Amino acid sequence: MNRTCDVMACAMSRLLRDGETVFFGVASHLPMVAALLAKATHAPNLTILNIPGGADVQAPLTESYSSAGGGLLQTAAATFPLAEVFDLSMRGGLDVAFLSGVQFDGTGAVNASVIGDYFTPKVRLPGGAGSAVLIPTAKRAIIWRTKHDKRTFVNEVDFVTSRGNVSAIVTPLCVFRRYRDQLIVGSVHPGSSMEEVAEHTGFPLRYLELETTPAPSAKELALLEQMDPRDLRSLEFR
Amino acid sequence: MNRTCDVMACAMSRLLRDGETVFFGVASHLPMVAALLAKATHAPNLTILNIPGGADVQAPLTESYSSAGGGLLQTAAATFPLAEVFDLSMRGGLDVAFLSGVQFDGTGAVNASVIGDYFTPKVRLPGGAGSAVLIPTAKRAIIWRTKHDKRTFVNEVDFVTSRGNVSAIVTPLCVFRRYRDQLIVGSVHPGSSMEEVAEHTGFPLRYLELETTPAPSAKELALLEQMDPRDLRSLEFR
Amino acid sequence: MKKLTSLQEAIAAIPDGAVVGLGGNTLNRAPMAAVFELARQNKRCLSLVKTAGAMDIDLLCLAQCVASVDAGFVSYETEFSLAQHYRKSVEKGLVKANEHACYTVICALRAAAYGAPFLPVTGLREGDLLRVNPCFRRITDPFSGDPVTLVRAIRPDWSILHVHKADPDGNGAILGPQYEDVLLSRASKKVLLTTEELVDRDYFRQGESKADIPGFLVSAVVYLPKGASPCACHGHYSPDKEQISSFLRLRDRDQLMEWLKGGPGGE
Amino acid sequence: MKKLTSLQEAIAAIPDGAVVGLGGNTLNRAPMAAVFELARQNKRCLSLVKTAGAMDIDLLCLAQCVASVDAGFVSYETEFSLAQHYRKSVEKGLVKANEHACYTVICALRAAAYGAPFLPVTGLREGDLLRVNPCFRRITDPFSGDPVTLVRAIRPDWSILHVHKADPDGNGAILGPQYEDVLLSRASKKVLLTTEELVDRDYFRQGESKADIPGFLVSAVVYLPKGASPCACHGHYSPDKEQISSFLRLRDRDQLMEWLKGGPGGE
């Protein structure tokens, strides 16, 4: 039986291509693990960028690792501070940005700001961090979200923190892919089903063919174990 | 008999005040020496900024010194690159900029760009470097020029590289000071005279009182010798 | 010209209503000891500025020091979850949340550092932030005729930064990630450094490694080992999870004031 | 993906008509060996970009490689005086001098690095540069209603930088003054590094000191000790005054081509 976090990490890893630059922000453990996995398998020339400003960091994620801490600088080849990662994306040089959010609709709009009205919110959320500028400018924006329910995947978001250019959303149940201005189901994770996805999604599902997300291979699982000994990839599920 | 370079260095030094930030660019040996002299005498808390990006450099100017070379970084306390010196001035935080030029008129307009027409110049000059943005923004812009003749101090400059906010111009004959939108003679160097200044100046002279630039003191001369053993302050006169 | 001072004196110089930039990022190198003192001195109506804040902003909201927050993200890292005090203060209308993309805070600070009234932000093209945040304006690029978004400069009155090393003249150095600290030092009218280590005047002048923040930009230096605790300080200490959890259990301002008397960071 | 290459190959990739940013400042760390090779390969119609140039721009003008120069200052330091070949090329109408304040070159490069169409330049308020240089526009600040000057982005096709250390992946480090080199590496579409020293892949990854220019921005690396000579390279060598003087005695392109055969920098 595959753990959801491993399925998601592998699915996210496979969305990355060799030679790309990839960025993720604070508390982005799954993307970090996914990127390291990609680098160890099909994308050895991936350049990993992050908040502390280390370009091209290496596994493993040991005890000292924190998503915004200095540990990420130590195995980096170059310093490339957060501000410059944004600059890179603005000038069209960032290939992939991993981002998250709290509400998503079928057009790929992302809400990370408020539930309810912006000025008198029912819930004030943490905020979109970089997503409002990265989603429109990165060549591909990939969203991961560890909850898949009708409060998360809604018919209309309460607030559009960012819109456009979301290439994929990876959830515990499936991978949404963008087709024109819509999210469609690209693949359903092993153990889930299109029915289950539909039941937990607030917008109508569309898809071209019934595809199953490949299960993690033995090699991938071994690499995950080795690179992420603290099991940070499961942190959002605990 | 005082050397002109020493008189100028001392006059420039006395224009600086304790606690100020002061910047000068490439090939600005006289300002460099003047600033170090000020720091050694009445302005110990002067912060000297320069092209290589060393904030708060120290004397002496030894063999390795070059106005844009790395030597200036070595005794600095902090790195503060050229771009940030400009930023500092833009936001109103630079006290003094030492600049030069080739032509000046009685309103303090500076030409460092061309003799003749800009697009079909008779002489293409090096360019104003930072002056077009520093003269309007530094709290005081101080010009030094080692030539004083009617081709330099003209009735009207061929091209306005920069205008406004020139606080003083130090020449081999005198110190011009700004009064409203005019340059007036603030003091005439020892050994020169108002007649000599007038004879070598292309715009009409005005002054409030006949003042003589103080001659370098024995202490100042000794400090100059000690801080500038290579006599860089005389380089522009050779 | 004496810059070396006590935390009490340094914080006393920051007036109610000031725009205050905070160094660090989320649980890393936030100037927590100074934040505690802001709360102890009962500052009011501060406008906080930071790309990504956590306990610093959360605590100042609980202490009722805050009028507004300009930030891209305010939350603890995964294991501590949302910044509940910030969240509730905004929901109750006590604090105005001015949401930015982290990058638009950077651009607004760069504009201030460059003495410019605004900076263009190419990436911010659509969505509701443009509508609700008055920092943004869409204009026509006079060169190309295309639309472009501008973000207005944010110039903090003070920035408070916790650095690794500082000398008595205010020259300060950060080891490891700098986050937006160096930018804040340039963008702000005044800078307060708290420092893990106090070095003598020759340290930077004679040494190979130079300060990142020149003394002439700095108004006050406070020698304060563990000044970022319970947040992390790269090379010195990790987040103090017990202290953070103990803070997260506080329910109101009175409990916070009691807790602050206990001297967090000093234990 | 192989970046380590020969100077000939690296320079061959730079097309006629390219916008080329040059690293260094005046007689310091200009990428002279690469400049020589641009001349030897007879490049045409280059648009050169630099805050403050000297022998690099002067030589490329003599070699008739240049269509325009965007710079704030082009001259040798005091003892070598004006850049006569640049000067004469402009006076004859062969080269267009686009005069900037050095800072407006920096702002134009920052705009390119930020993916922005322009940047405001607060300090440029009056004078003839505004009139003659099409890079500048005055607009009304939509926030305050005040006038403000914008400078248009300059995005070099290539920048050529001489660094102290580089690894085969293109990670490069500069010791001492960086001038605008790091900015150029961000602002340009492609970057060519020539390097005083070639280090192995572990040097930056394992070491305390990290590269200033990340490899993913760099297209080509050439191992080229003395690659800045006869200009200075901080920590390695001072300007070679004899070579500079010998260059300054050249009167035309043919003499230059002869001189370049002699192999300056290689002697």
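Below, read A as the first sequence line, B as the second, and so on, with proteins coming before strands; counting in each chain starts at 1. What's counted below: heavy atoms across the whole structure, side chains too, no hydrogens, waters or symmetry copies. Source: prediction; values computed, not measured.
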Q) Is the shortest distance from a Lys or Arg side-chain nitrogen in Lys147(B) or Glu236(B) to a carboxylate oxygen in the other one below 4.0 Å? A) no
Q) Does the distance from a Lys or Arg side-chain N to an Asp or Glu carboxylate O, for Glu180(D) and Arg186(D), drop under 4.0 Å? A) no
Q.
Quick check: His29(B) with Phe24(B) (ring centres under 6.0 Å apart)?
A. no
Q) Of Leu82(D), Leu248(D), Thr26(D), which meets side-chain contact (heavy atoms from CB on, under 4.5 Å) against Tyr76(D)? A) Leu248(D)
Q: State whether the side chain of Asp105(B) and the backbone N or O of Ala109(B) hold a donor-acceptor pair below 3.5 Å, judged by distance alone.
A: yes
Q.
Does any backbone or side-chain atom of Arg29(D) lie under 4.5 Å from a heavy atom of chain B? Answer side chain, backbone, both or neither.
A. neither
Q. Between Gln178(D), Glu126(D), Arg131(D), which shows the greatest number of heavy-atom pairs under 4.5 Å with chain B?
A. Glu126(D)
**Q.** Pro81(B) portion near chain D, given a 4.5 angstrom heavy-atom threshold
**A.** neither
Q: Tell me, out of Ala97(D), Cys233(D), Gly24(D), Cys107(D), who's got the most heavy-atom pairs with chain B below 4.5 Å.
A: Ala97(D)
Q) Do Arg178(B) and Gln182(B) have side-chain heavy atoms sitting under 4.5 Å apart? A) no
Q. Glu196(D) side chain to Lys226(D) main-chain N or O, any donor-acceptor pair under 3.5 Å?
A. yes
**Q.** Glu197(D) and His164(D) side chains, donor-acceptor separation under 3.5 Å
**A.** no
Q | Where Val33(B) and Ala9(B) come nearest, the two heavy atoms and their spacing | A | CG1-CB, 4.5 Å
Q. For the rings on Phe80(B) and Phe23(B), is their centre-to-centre separation under 6.0 Å?
A. no
Q) Just by distance, do the side chain of Ser188(D) and the backbone of Ser185(D) share a donor-acceptor pair under 3.5 Å? A) no
Q) Which bit of Arg125(D) is near chain B, if near means a heavy-atom gap under 4.5 Å: side chain, backbone, both or neither? A) side chain
**Q.** Close contacts, residues 61-75 of chain D versus chain B, judged by heavy atoms under 4.5 Å
**A.** Gly72(D), Phe73(D), Val74(D), Ser75(D)
Q. For Thr107(B) and Asp181(B), does a side-chain donor sit closer than 3.5 Å to a side-chain acceptor?
A. no
Q) By a 4.5 Å heavy-atom criterion (distance strictly below it), what part of Leu124(D) contacts chain B: side chain, backbone, both, or neither? A) both
Q: Measure distances from Asn111(B) to the heavy atoms of chain D and classify the residue's part below 4.5 Å as side chain, backbone, both or neither.
A: neither
Q. What part of Ala232(D) lies closer than 4.5 angstrom to a heavy atom of chain B: side chain, backbone, both or neither?
A. neither
Q: Flag the pair Asp228(B) and Arg230(B) as a salt bridge only when some basic side-chain nitrogen lies within less than 4.0 angstrom of an acidic carboxylate oxygen.
A: no
Q. Mind checking which of residues 149-171 of chain B sit less than 4.5 Å from chain D, heavy atom to heavy atom?
A. Phe159(B), Val160(B), Thr161(B), Arg163(B)
Q) Side chain, backbone, both or neither: which part of Thr149(D) has an atom under 4.5 Å from a heavy atom of chain B? A) neither
Q: Report the option among Pro121(B), Ala129(B), Gly127(B), Ala132(B) that has the most heavy-atom pairs separated by less than 4.5 Å from atoms of chain D.
A: Ala129(B)
Q) Among Ala101(D), Ser89(D), Gly176(D), Gly127(D), who wins on heavy-atom pairs under 4.5 Å with chain B? A) Ala101(D)
Q. His100(D) vs Phe136(D) aromatic rings, parallel, tilted or perpendicular, using cut-offs 30° and 60°?
A. perpendicular
Q | Greatest number of heavy atom pairs closer than 4.5 Å to chain B - which of Leu129(D), Leu183(D), Leu130(D) | A | Leu129(D)
Q) Do His85(D) and Phe247(D) have their ring centres less than 6.0 Å from each other? A) yes
Q) Measuring heavy-atom distances to chain B, does Val121(D) have an atom under 4.5 Å in its side chain, in its backbone, in both, or in neither? A) side chain
Q: Decide, yes or no, whether a salt bridge links Asp95(B) with Arg140(B) under the criterion of side-chain N to carboxylate O below 4.0 Å.
A: no
Q. Is any NZ, NE, NH1 or NH2 atom of the basic residue among Arg91(B) and Glu84(B) found under 4.0 Å from an Asp or Glu carboxylate oxygen of the other?
A. no
**Q.** Which of Arg110(D), Lys88(D), Lys92(D) touches chain B most, by non-hydrogen pairs under 4.5 Å
**A.** Arg110(D)
Q | Val123(B), part contacting chain D, at a heavy-atom distance under 4.5 Å | A | both
